[in-house]
Amino acid sequence: MTLEERWRRVMEGKAEAERGAGREVGSVRLLAVSKFHPASSIAELFRLGQVDFGENYMQEARAKQAELAGLAIRWHAIGPVQTNKAKEVAGHFSLLHTLGTEALARAVLRRLPENAVQDALLQVNIGEEPQKSGVAPSDIFGFVETLLEGGLTAENGAQLRLRGLMCLPPNCGEGELARPYFVRLRELRDGLETRFGLELPELSMGMSGDYRQAIEEGATIIRVGTDIFGARPPKA
Ligand SMILES: *Cc1c(COP(=O)(O)O)cnc(C)c1O
């Protein structure tokens, strides 16, 4: 299958899942996860109408951004970001999916150009796995409270705007096994909205093997790599 055929197949799978879940077709955003894949593949998909691309590694992402500077791509940062790399993210991505520490929030704010607003999702370590980053579900309310009380978000006029939650569950990519974690993420989001009076419309969840379940459970952004680009080449 060609890149175009694989992309079309994912678009069809997404539409099918949206219809099956009684959601409007086109209401879920497809984020093409392009890590380790060349800028030429990104450009090819962009010409077909794919606008959102996700990258994990900041150096790789920034190089591709430079190479594709003429295209109106919406870039998403979906990998862990070290505090000392905040300047590579701040203002360079339309959405940061992996905000999980107060230190990163402060570092991003320090690095943002004046008048820029950085949209961000809180990464939740939904399966409480030690090897994964993100805030534990039991800590997420405290974390949001810290951000709000610290005056670090748009609610207090700061340039960081919380837009929702993101997760990478255990057994991710394995269909039904991931579903309970998607449900849990949605419930946490609902709880945060109620408790803090926030608007958190985005749920970034679901990848190649489980985006259908994610859509059924309320995902607004699915992050798909392998099903679009094929297997990832080893990192150069
Ligand atoms: C690589 C990656 C994906 C895409 O995974 P696939 O299984 O290739 O679709 C999604 N989300 C994150 C955070 C990733 O790192």
Side-chain angles (χ1 to χ4, degrees), residues 1 3 5-14 16-17 28-39 41-42 45 50-62 64 73-82 85 88-89 93-101 104 119-135 163-179 181-182 184-186 202-236:
M1 257 199 291
L3 179 60
E5 285 164 348
R6 282 193 301 263
W7 177 74
R8 292 202 185 284
R9 202 158 79 158
V10 172
M11 288 297 281
E12 279 162 27
K14 179 170 90 74
E16 231 168 73
V28 176
R29 220 175 339 162
L30 172 62
L31 179 52
V33 177
S34 44
K35 60 183 173 221
F36 305 170
H37 293 286
S41 298
I42 297 175
L45 286 180
Q50 175 65 38
V51 176
D52 292 276
F53 290 87
E55 289 280 344
N56 291 61
Y57 304 96
M58 291 313 112
Q59 210 179 339
E60 181 188 347
R62 303 283 285 123
K64 288 175 183 170
I73 289 172
R74 277 197 299 260
W75 296 97
H76 297 244
I78 64 170
V81 180
Q82 256 140 40
K85 294 280 164 58
E88 300 298 335
V89 175
F93 290 84
S94 76
L95 187 59
L96 166 63
H97 289 234
T98 53
L99 182 60
T101 64
L104 181 60
D119 283 342
L121 306 180
L122 305 174
Q123 182 175 6
V124 180
N125 187 352
I126 199 73
E128 305 188 52
E129 298 169 281
Q131 78 280 16
K132 282 194 185 148
S133 34
V135 183
R163 298 290 292 155
L165 303 182
M166 176 270 208
C167 77
L168 198 56
N171 307 114
C172 51
E174 293 185 51
E176 289 304 323
L177 292 179
R179 187 189 294 274
Y181 298 102
F182 297 149
R184 182 97 179 91
L185 194 74
R186 185 187 66 225
E202 305 285 1
L203 288 175
S204 166
M205 58 189 195
M207 42 208 277
S208 288
D210 56 22
Y211 69 80
R212 290 172 184 81
Q213 287 82 6
I215 289 171
E216 287 164 15
E217 300 304 338
T220 59
I221 303 174
I222 56 172
R223 309 178 309 264
V224 180
T226 308
D227 277 6
I228 295 176
F229 292 98
R232 277 183 281 280
K235 197 178 184 192

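Each ligand, and each atom within it, is numbered from 1 in the order the structure gives.
Judged purely by distance below 3.5 Å, without hydrogens or angles, the side chains of Gln213 and Glu176 pair a donor atom with an acceptor atom. Defined by atom type and a distance below 3.5 Å, a donor-acceptor pair is present between the side-chain atoms of Glu202 and Thr220.
Counting heavy atoms of neighbouring residues, nucleotides and ligands inside a 6.0 Å radius, atom CZ of Arg74 exceeds 12 of them.
Tested against Asp52 for a side-chain contact (heavy atoms from CB on, under 4.5 Å), the candidates Leu30, Leu31, Leu95 yield a single pass: Leu31.
Considering Met207, Lys35, Arg232 only, the shortest heavy-atom separation from atom 2 (C) of ligand 1 involves Lys35. For atom 12 (C) of ligand 1, the nearest non-hydrogen atom from the set Ile78, Val10, Thr226, Val224 belongs to Ile78.
Scanning all protein heavy atoms for the shortest distance to atom 9 (O) of ligand 1 gives Ser208 OG, 2.5 Å. Scanning all protein heavy atoms for the shortest distance to atom 11 (N) of ligand 1 gives Arg223 NE, 2.9 Å.
Using cut-offs of 30° and 60° on the angle between ring planes, the pair Phe53 and Phe229 is tilted.
Close approach to Asn56 involves these atoms of ligand 1, each under 4.0 Å from a residue heavy atom: 14 (C), 15 (O).
Every N/O-N/O distance between Val33 and ligand 1 stays at or above 3.5 Å.
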